[in-house]
2 protein chains.
Amino acid sequence: MRIAPLILFMLYACTVSSLEVKSWKTSQGSIVMYYNTPEIPMADIRLVFSAGSARDGKRHGLSRMANKLLMEGSGDLNSQQFKNKLSETGAQLYAGSLREMAFINLRTLTDPKYFEPAIGLLISAVSSPHYSRPEVEKAIGDMLIDISLKNESPSQIAQEAIWNQIFKDHPYSNYPGGRESTIANITSSELSKFHASHYVAKNATIAIVGDLTEVRAKILAETISSSLPAGQSPLKIPELTEFIPSNVYIETNSDQTHLRIGSIGISRTDEDYFPMIVGNHILGGGSLVSLLFEEIRNKRGLSYSVYSYFIPTEIKGPFVIGLQTNGEKQNVALAESLKVLRDFIEKGPSVESFNLAKENLISGFINQIDSNQKLIGYISMMGFYQLPLNYLDTFSKKVEEVSIADVRNSFQRRITKDFAIVMVGSKQQELNQNER
Amino acid sequence: MRIAPLILFMLYACTVSSLEVKSWKTSQGSIVMYYNTPEIPMADIRLVFSAGSARDGKRHGLSRMANKLLMEGSGDLNSQQFKNKLSETGAQLYAGSLREMAFINLRTLTDPKYFEPAIGLLISAVSSPHYSRPEVEKAIGDMLIDISLKNESPSQIAQEAIWNQIFKDHPYSNYPGGRESTIANITSSELSKFHASHYVAKNATIAIVGDLTEVRAKILAETISSSLPAGQSPLKIPELTEFIPSNVYIETNSDQTHLRIGSIGISRTDEDYFPMIVGNHILGGGSLVSLLFEEIRNKRGLSYSVYSYFIPTEIKGPFVIGLQTNGEKQNVALAESLKVLRDFIEKGPSVESFNLAKENLISGFINQIDSNQKLIGYISMMGFYQLPLNYLDTFSKKVEEVSIADVRNSFQRRITKDFAIVMVGSKQQELNQNER
């Protein structure tokens, strides 16, 4: 029973030859990730840059605005002309930026009649955005509204606060949506400067999934890459020098309290990556079965939802437990969650939960790569973090190889004894890490 | 240029033979919709019942709770045992219910080793849920929290309010999440009774998409259908006897005002379906280019977002314009939106916007059916509303055949002169429909 999913997956991997991810560099130094799916005459092309809010410096919101405005006028087209032309192609073009990555994604038919103009628009957007003053003003207005909406959502407030508590002055503390004080005076020339230094070939991962031959993909990647200035590889993000546990209670008028418990987790290329994700699946990552769900919700009725996750990043990213509970129960929920976590770190998982988690991770993995949209996300991530090309093929094997001792040891070595704690609710109080 | 997307799509439809949707009835009278996609060894199986909140009667929330609890204990398994077994299969099982449809969806590998137990769990959930008292109590708690969260979200408040303003005492007014006053005392026996009369073979659409042969799909559908009592087809939902325009202002503490303008729209089998969706795409449905976006946001800077949509249902469903604006601008935003809408109804679309909308709808249609998840939604909808089997193949042709006069005529005949209007904000006032 424990081996079977692996065999099944490997069988699938062998018979479906197109599981092979290919990678090369363009002459300008962009990383290309390519995966052929010939079933539907469409393609996804995603360009990813290390140009998220970790690159904002003191100009919070600059990276997000630079990304948002790619599609609002570029080359010889203003915003409206650009959208009219895009509409004619039937393609979907969307952009996004978080802490590390900023991306733009084109989803288009591969028939040259649509493909060529759609690619032209992608290149125009990414290489020559105008950042015209009227569009910048609209973007400022939109981002200020985004912030006010975020501030109306207790769960989003808690989410941002846990990053701040963990990372403090480190660049990962920067909220991707920026701050009111800095957004309001971002200028066109700042945006152009940010764009010119970050949206460059040496900082680009070009991912291509779809009904394009390798030859066509090579020409395409070369065309895109050569439309960008060569530029420089970005500086590495510094590791967090020291994790300092701390607490914060943020007042809202909600009866529900949102709790986050945070620590330092793993990087994308972490040697403990697989033991940690198996362990987290047991602790609070599994959507059906988890220790936290069983103890906090099922047995004690303390919360509506409870979960845990790692966000693996270039450096070690956050480890977070999250839950939402009635304000009256916030203290008990915190104490019991800490107890479950500390017990898990001390004792490790049960054999039964360990086997169940591995089976579920392996047999469920195909769900993560079963459409072009999911694949483009996966392979662009692989390129961005320079994961091995056989990552998809070996995922199940790596999970299978994790032992119960690996999980316990890695959690004991890696997860801190004290935590960053955030509560957002209407029952302000001193937080206590030490109830057991 | 205008014909090409159609040709392309028809070419695609002809070469990819698997675009053919098949349908039959089981011996117990369930409708089966089947579509073979052999590329990946997975399948989606979705059972849809006419068992949404339109069937709640005065027991608001009953349909949602009956659906939510399908996976919380059934047959000889309690909730935890059920989830452990499901976890072993790697399958994803999820349920949902809105106003008309209630569904349960299984996404599983087709290897019999996983497929057979996963199907067993699907059948157990849909045919013999326990509705045990402890699980009912948890569901009551969850649904009360869902309502309190909804009441913290101005956009969700506006959303519900526009249904109420349009449908008043009609069953479509029933909020799928129920009401606090009724949820708190829903009983196990009520739930079992609702389940026994609605989750029956004659009320079931069984949709199957994936790597299953037609023979295997036939056996599967027969097995599922025969596990349910035959039961009765549900009564038709009555048409709304009369649409009565009305206004409401709902006070919140948000600086942003959420505006909805509503009227009566179209049914899924409406003879004006295609002219109306082409017209709506021009007016406010297009994500890139629309009249409302151009006039309200681009030219006048009145709103953050603005859009319009139809929700086609068994009877004529809602037509809604929505926007979010600064509270200070709410009056102007309302007046200008009404002006754009009334001008559009009076004059119809421009030739340029009309051609652009048709091209975009046709060349973008493939985006709606390019994964198993999207296909299962589409074909189960086709079965539920008894749309023609060639609906997917003829979509582009039907759009192409719409004339500019069809759009103007259908909007003039169908959209009312006065509207249901909802504002949610902090600047309470009398609403005026007649500013022009």
Side-chain angles (χ1 to χ4, degrees), chain A residues 1 4-5 8 12 16 37 39-42 79-80 83-84 86-93 107 109 111 113-114 137-138 141-142 145 148-149 152-154 253-256 286-289 294 297-298 301 304 324 326 352 356-357 359-367 370-374, chain B residues 1 4-5 8 12 16 37 39-42 79-80 83-84 86-93 107 109 111 113-114 137-138 141-142 145 148-149 152-154 253-256 286-289 294 297-298 301 304 324 326 352 356-357 359-367 370-374:
Chain A
M1 190 69 166
L8 173 74
Y12 172 62
V16 183
T37 58
E39 295 83 8
I40 304 179
M42 299 187 73
S79 169
Q80 194 57 47
K83 286 173 188 174
N84 283 343
L86 182 60
S87 185
E88 284 174 13
T89 68
Q92 298 178 332
L93 184 65
R107 186 164 174 66
L109 292 164
D111 183 307
K113 183 163 174 39
Y114 302 97
E137 276 164 19
K138 276 184 206 159
D142 290 351
I145 291 172
S148 76
L149 291 174
E152 289 176 9
S153 160
N253 52 14
S254 170
D255 288 342
Q256 291 280 311
S287 59
L288 289 167
V289 184
E294 176 63 16
R297 159 143 180 142
N298 278 354
Y304 179 60
Q324 178 189 331
N326 187 295
E352 188 194 350
L356 198 57
E359 277 206 42
N360 187 250
L361 278 166
I362 292 170
S363 56
F365 181 65
I366 197 172
N367 283 315
D370 63 354
S371 72
N372 286 5
Q373 278 119 316
K374 293 180 189 175
Chain B
M1 191 70 166
L8 173 74
Y12 172 62
V16 182
T37 58
E39 296 84 8
I40 304 179
M42 299 187 73
S79 170
Q80 194 57 47
K83 286 173 187 173
N84 282 343
L86 182 60
S87 185
E88 284 174 15
T89 68
Q92 299 178 331
L93 183 65
R107 185 163 174 67
L109 292 164
D111 182 307
K113 183 162 173 40
Y114 303 97
E137 276 164 19
K138 277 185 206 160
D142 290 351
I145 291 172
S148 76
L149 291 174
E152 289 175 10
S153 160
N253 51 14
S254 170
D255 288 342
Q256 291 280 311
S287 59
L288 289 167
V289 184
E294 176 63 16
R297 160 146 179 140
N298 279 355
Y304 179 60
Q324 177 188 331
N326 186 294
E352 189 194 349
L356 198 57
E359 277 206 42
N360 187 250
L361 278 167
I362 292 170
S363 55
F365 181 66
I366 196 172
N367 283 315
D370 63 355
S371 72
N372 286 5
Q373 278 119 317
K374 294 180 188 174

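Just the heavy atoms: all of them, side chains too, but no hydrogens, waters or symmetry mates, feed the values below. This structure is a prediction, so every number in the text was calculated from the model and none was measured. Reminder, nothing fancy here: chain letters follow the sequence lines and each chain counts from 1.
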* Kindly compute the distance separating CG (B/Leu109) from OG1 (B/Thr89), expressed to the nearest 0.5 Å. => 8.0 Å

* Identify which part of B/Leu149 has an atom lying under 4.5 Å from any heavy atom of chain A, answering side chain, backbone, both or neither. => side chain

* Structure fact -> Cut-off 4.5 Å, heavy atoms of chain B, and the answer for A/Leu361 is neither

* Is there side-chain contact between A/Pro154 and A/Gln324, with at least one heavy-atom pair below 4.5 Å? -> no

* Top contributor to chain B contacts, counting heavy-atom pairs under 4.5 Å, from A/Asn253, A/Leu356, A/Leu93 -> A/Leu356

* Does A/Ser371 have any side chain to side chain donor-acceptor pair (under 3.5 Å) partners at least two apart in sequence or in another chain, and if so, which? -> none

* chain B heavy atoms under 4.5 Å from A/Gln373: which part of the residue, side chain, backbone, both or neither? -> side chain

* Can you name the residues that form a side chain to side chain donor-acceptor pair (under 3.5 Å) with A/Asp142, not counting sequence neighbours? -> B/Arg297

* Structure fact -> Of the listed B/Ile145, B/Leu86, B/Val289, the one with the largest count of heavy-atom pairs under 4.5 Å with chain A is B/Ile145

* Out of A/Ser87, A/Gly364, A/Gly90, which one racks up the most heavy-atom pairs below 4.5 Å with chain B? -> A/Ser87

* **Inter-residue atom distance A/Tyr304.OH - B/Lys138.NZ, 0.5 Å rounding** => 14.0 Å

* Asked: Taking atom CG of B/Leu288 and atom CG of A/Asn84, what is their separation to the nearest 0.5 Å?
  -> 9.0 Å

* Structure fact -> Okay, B/Glu294 and chain A: the region with an atom under 4.5 Å from a heavy atom over there is side chain

* Asked: So do the side chains of B/Met42 and B/Thr37 get within less than 4.5 Å of each other, counting heavy atoms only?
  -> no

* To do: Under 4.5 Å heavy-atom distance to chain A, tell me which part of B/Ser254 shows up: side chain, backbone, both or neither.
  => both

* What part of B/Asn298 is in contact with chain A, defined as an atom under 4.5 angstrom from a non-hydrogen atom: side chain, backbone, both or neither? -> both

